Amino acid sequence: EDLRSILDMLHHQLLQLHPARHSAADLRSVLIQMQARGFLHDDVDVARLDGVPLPSIASTLLCGYSYGSVISSAIAADEYPELGIDYAHISFPYSVVWALALQKRGWYLQRIASTIASAALAFAAGPECMGRHIPRTLFIAGTADTFTATPAYDRWWAQLRGKALDALNVARPELSVSAAECAVDKALTTVSVHNADHGWMRRESEVSDAIEAWWWHTQSPGDCSEEVDAEWAVVPRRYN
């Protein structure tokens, strides 16, 4: 609910300070400081504002670590289409989700699978989906993860790819194998970091480097329609 509250504030472009943690005087102080720095027009009556105005956000990365990645996966990108949501799941606790989420394990895993499959369908549509954001998903995990072994990650990621390909085969049977794989590769990227454990102690920079490399790669032009240039036909899905 805390994450959803933040997204709601971004959606409404208004930062609401929690009354249990911040007084009305705190809010007024923030507004006056913003006005002094030129973030609010001088003619705005700060006494009448019940929140801090926020700029429009068109691109949002939900980046969760361990159980936090389970929580972020619960947010569907189409709940906030104007925010342009993508996902980065760091050390997703796949093998122990049953202990963390109890009866909702299946629901979380299905939400991730559906997100990836829907994105792959959109990427396969090519020009038909131009102009709207299509959510991409990144997984980063260490090969020495404490809670999920590399073979378990590999099997799960293969299952996610397989479900997305199956969805494409049903919805777009005319697609070539290469076009379908291209669409899935745009929707899902997996990164395995050699000998990194669940905690990433002293290896945090490798996580940020992987996210940055993936992020810039997602800005590449091109689509996965049959007319796509060969230059964009393959998107790497594993970095070592």
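No experiment lies behind these values; they were computed from the predicted model shown.
Trp215 places none of its side-chain heavy atoms less than 4.5 Å from the side chain of Arg136. A 4.5 Å side-chain heavy-atom check between Thr190 and Leu138 finds every atom pair outside the cut-off. For the pair Thr150 and Asp154, the minimum side-chain heavy-atom distance is below 4.5 Å.
One hydrophobic cluster, built from ILVMFWY side chains closer than 4.5 Å, holds both Leu61 and Val207. The hydrophobic cluster containing Leu14 does not contain Leu10, counting ILVMFWY residues as joined when their side-chain heavy atoms lie under 4.5 angstrom apart, directly or transitively.
When the shell of 6.0 Å around CZ of Arg28 is examined, it contains 12 or fewer heavy atoms from other residues, nucleotides or ligands. Within a 6.0 Å radius of CH2 in Trp107, other residues, nucleotides and ligands contribute more than 12 heavy atoms.
What you find for Leu121 and Ala167 is that their closest heavy atoms are CD2-O, 3.9 Å. Scanning both residues, Asp145 and Tyr153, for their nearest heavy atoms gives OD2-OH, 3.8 Å. Closest of all the heavy-atom pairs between Leu3 and Leu62 is CD1-CD2, 4.2 Å. Heavy-atom minimum distance, Val184 versus Ala164: CG2-CB, 3.8 Å. Nearest heavy-atom pair, Pro53 versus Leu40, reported as atom, atom and distance to 0.1 Å: CG-CD2, 3.5 Å. Contact record, Ala141 with Trp157: CB-CH2, 4.1 Å, taken as the closest heavy-atom pair.
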Result block: side-chain N/O donor-acceptor pairs under 3.5 angstrom for residues 73-84, not counting sequence neighbours:
from  : atom 1 : to    : atom 2 : distance (Å)
Ser73 : OG     : Val70 : O      : 2.5
Glu79 : OE1    : Arg4  : NH1    : 2.4
Glu79 : OE2    : Ala76 : N      : 2.8
Tyr80 : OH     : Asp8  : OD1    : 2.7
Glu82 : OE2    : His11 : ND1    : 2.4

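Under 3.5 Å, the side chains of Ser29 and Gln33 contain a donor-acceptor pair of N or O atoms. For the residue pair Ser114 and Gln110, a side-chain donor N or O sits within less than 3.5 Å of a side-chain acceptor on the partner.
Classified by interplanar angle (parallel below 30°, tilted 30° to 60°, perpendicular above 60°), the ring pair His89/Phe92 is perpendicular. A perpendicular orientation is assigned to the rings of Trp156 and Phe139, their planes being inclined by more than 60° (bins at 30° and 60°).
Electrostatic pairing of Asp185 and Arg161 counts as a salt bridge here, judged by a charged N lying under 4.0 Å from a carboxylate O. With respect to the salt-bridge test (charged N to carboxylate O, under 4.0 angstrom), the residues Arg172 and Glu174 qualify.
For the pair Thr148 (side chain) and Ser95 (backbone), a donor-acceptor distance under 3.5 Å is present. No donor-acceptor pair under 3.5 Å is formed between the side chain of Arg203 and the backbone N or O of Asp197. Looking at Asn169, its side chain does come within 3.5 Å of a backbone N or O of Leu165 through a donor-acceptor pair. The backbone N or O of Val44 lies less than 3.5 Å from a partner atom in the side chain of Gln35, making a donor-acceptor pair.
Counting only residues at least two apart or on different chains, the ring pair (Phe, Tyr, Trp, His ring centres under 6.0 Å) pairs with a member in residues 48-73 are Tyr65-His198.
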Chi angles and distances behind the side-chain contact (heavy atoms from CB on, under 4.5 Å) call for Leu27, Leu31: CA-CA 6 Å; Leu27 172 60; Leu31 290 169; 3.9 Å; yes
CA sep, side-chain torsions, deciding dist, call: Asp86, Thr137, side-chain contact (heavy atoms from CB on, under 4.5 Å): CA-CA 6 Å; Asp86 293 298; Thr137 299; over 6 Å; no
Is there a side-chain contact (heavy atoms from CB on, under 4.5 Å) between Val52 and Phe39 once you walk through the steps? CA-CA 10 Å; Val52 180; Phe39 297 121; over 6 Å; no
